[in-house]
**Q** 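Before we start, here is the structure in question, set down as structure tokens.
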Amino acid sequence: MTHPSPSGRTAAPSAAERAYRHLKREILEQIHPGGSLVSEGEIAEATGVSRTPVREALLRLEAEGLVRLYPKRGALIRPVSAREITDVIEARRLVELHAAERVWPRRAALRGDLAARLAEMRDAHAAGDLAALMQADRAFHATVVDAAGNEILAELYQRLRDRQLRMGEASFRLSPGWAETALTEHADQLAALDSDDPGRWLAAVAAHIDNAAAVLRSLR
């Protein structure tokens, strides 16, 4: 994250931050798939920084569970396991359903933001832009969690979505029709917000998470 400088300008990211963002994006987009090994030298060359900030970036990514470090060899991109899928989905379900319940009284204000994210998803799908589709999908869900107003849960959810992002790419790439299903299920959630039935809203949120989990497990 960048921060304004005292002069009011946005400060440029540090060398470690640049290396972190670069490698994290490539992991989440599966440019470096699970099981592959990347060296400090590769990352340093790709980002134009020295190895010291690369090490800092790798330590952050190891703490987030995305890589495993091997001294003098580099970083192993951790493969997605069946256990990780189960754990992430279970945690997502707890956070998202809690958030969905909390935001129901403020649903009128929330709906416009969700409609905008759904429009972005549809545009990305029409353009065949998988990366943009996944980012808009992620933003749709995060909008609900952020609206619940719990900063700790929002931060936890950010990390969960980071881990699911690379799982999600497999869903959209390898499961025929999943993108269309996801768009339909997000539209169902908007329709539920327009109703006077909070049970319908919670059921729509839960159904989408459970269906996404079933698709992920089918790809193992």
**Q** Report yes or no: do H208 and D188 form a side-chain donor-acceptor pair below 3.5 Å?
**A**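 No, D188 and H208 have no side-chain donor paired with an acceptor closer than 3.5 Å.
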**Q** Do R60 and K24 have side chains that approach each other closer than 4.5 Å (heavy atoms only, starting at C-beta)?
**A**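 A side-chain contact under 4.5 Å is absent here.
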**Q** Taking the side chain as every heavy atom from C-beta outward, state whether V38 and V67 have any pair of such atoms under 4.5 Å apart.
**A**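 Side-chain contact under 4.5 Å: no.
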**Q** May I ask you to check whether over 12 heavy atoms, not counting those of E151, lie within 6.0 Å of atom CD?
**A**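 It does not: E151 CD has 12 such atoms or fewer within range.
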**Q** Should the pair R159-E64 be classified as a salt bridge under the 4.0 Å nitrogen-to-oxygen rule?
**A**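 Looking at R159 and E64, the cut-off is not met.
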**Q** I'd like a table of donor-acceptor pairs (distance under 3.5 Å, sequence neighbours excluded) in which one partner is a side-chain atom from residues 104-116, with atom names and distances.
**A**
| residue | atom | partner | partner atom | Å |
| --- | --- | --- | --- | --- |
| R106 | NH2 | A147 | O | 2.7 |
| R107 | NH1 | W104 | O | 2.9 |
| R111 | NE | D194 | OD1 | 2.7 |
| R111 | NE | D194 | OD2 | 3.0 |
| R111 | NH2 | D194 | OD2 | 3.2 |

**Q** Rounded to the nearest 0.5 Å, what's the gap from CG on D210 to CZ on R92? Could you check?
**A**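 Separation between the atoms: 10.0 Å.
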**Q** Compare all side-chain heavy atoms of E62 with those of R78 and state whether any distance is below 4.5 angstrom.
**A**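 Side-chain contact under 4.5 Å: no.
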**Q** Compare all side-chain heavy atoms of Q158 with those of V145 and state whether any distance is below 4.5 angstrom.
**A**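 Result no, sub-4.5 Å side-chain heavy-atom pair not found.
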**Q** Got a second to check how far E42's CD is from E26's CD, nearest 0.5 Å?
**A**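 Rounded to the nearest 0.5 Å, the CD-CD separation comes out at 9.5 Å.
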**Q** As a quick check of understanding, evaluate side-chain contact (heavy atoms from CB on, under 4.5 Å) for L118 and Q189, giving each step before the final call.
**A** CA-CA 10 Å; L118 179 56; Q189 291 177 51; over 6 Å; no
**Q** Could you go through V54 and L58, starting from their C-alpha distance and side-chain angles, then the distance that decides it, and tell me whether this counts as side-chain contact (heavy atoms from CB on, under 4.5 Å)?
**A** CA-CA 6 Å; V54 168; L58 289 174; 4.0 Å; yes
**Q** Do Y157 and E96 meet the criterion of a side-chain donor-acceptor pair at a distance under 3.5 Å?
**A**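 A pair is found: one side chain offers a donor N or O, the other an acceptor, under 3.5 Å apart.
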**Q** When you compare the side chain of T47 with that of R21, does any pair of heavy atoms fall below 4.5 Å?
**A**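 When only atoms from C-beta onward are counted, T47 and R21 do not touch, as no gap falls below 4.5 Å.
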**Q** Using atom types as modelled and distance alone, determine if a side-chain donor or acceptor of H186 lies under 3.5 Å from a backbone N or O of A182.
**A**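 Side chain of H186 to backbone of A182: a pair is present.
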**Q** Work out which heavy atom in A99 is nearest to a heavy atom in V144; give both atom names and the distance.
**A**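 Smallest heavy-atom distance, with atoms named: CB-O, 4.0 Å.
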**Q** Could you tell me if the side chain of H22 sits less than 4.5 Å from the side chain of R25, heavy atoms only?
**A**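 R25 vs H22: side chains touch.
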**Q** Just jot down the side chain to side chain donor-acceptor pair (under 3.5 Å) partners of E120, sequence neighbours excluded, or say none.
**A**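 Counting only residues at least two positions away or on another chain, E120 forms a side chain to side chain donor-acceptor pair (under 3.5 Å) with R117.
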**Q** What's the separation between atom CD in E185 and atom CG in N211, rounded to the nearest 0.5 Å?
**A**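 So the gap between those two atoms works out to 4.5 Å.
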**Q** Does a side chain donor of either E17 or S14 reach within less than 3.5 Å of an acceptor in the other side chain?
**A**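 On atom types as modelled, these side chains do not qualify, holding no pair under 3.5 Å.
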**Q** Distance-only check: which donor-acceptor pairs under 3.5 Å involve side-chain atoms of residues 82-90, not counting sequence neighbours?
**A**
| residue | atom | partner | partner atom | Å |
| --- | --- | --- | --- | --- |
| R83 | NE | D87 | OD1 | 3.1 |
| R83 | NE | D87 | OD2 | 3.1 |
| E84 | OE2 | R163 | NE | 3.0 |
| E84 | OE2 | R163 | NH2 | 3.3 |
| T86 | OG1 | A82 | O | 3.2 |

**Q** Is the count of non-hydrogen atoms from other residues, nucleotides or ligands lying under 6.0 Å from R102 atom CZ greater than 12?
**A**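 At most 12 heavy atoms, drawn from other residues, nucleotides or ligands, come within 6.0 Å of this atom.
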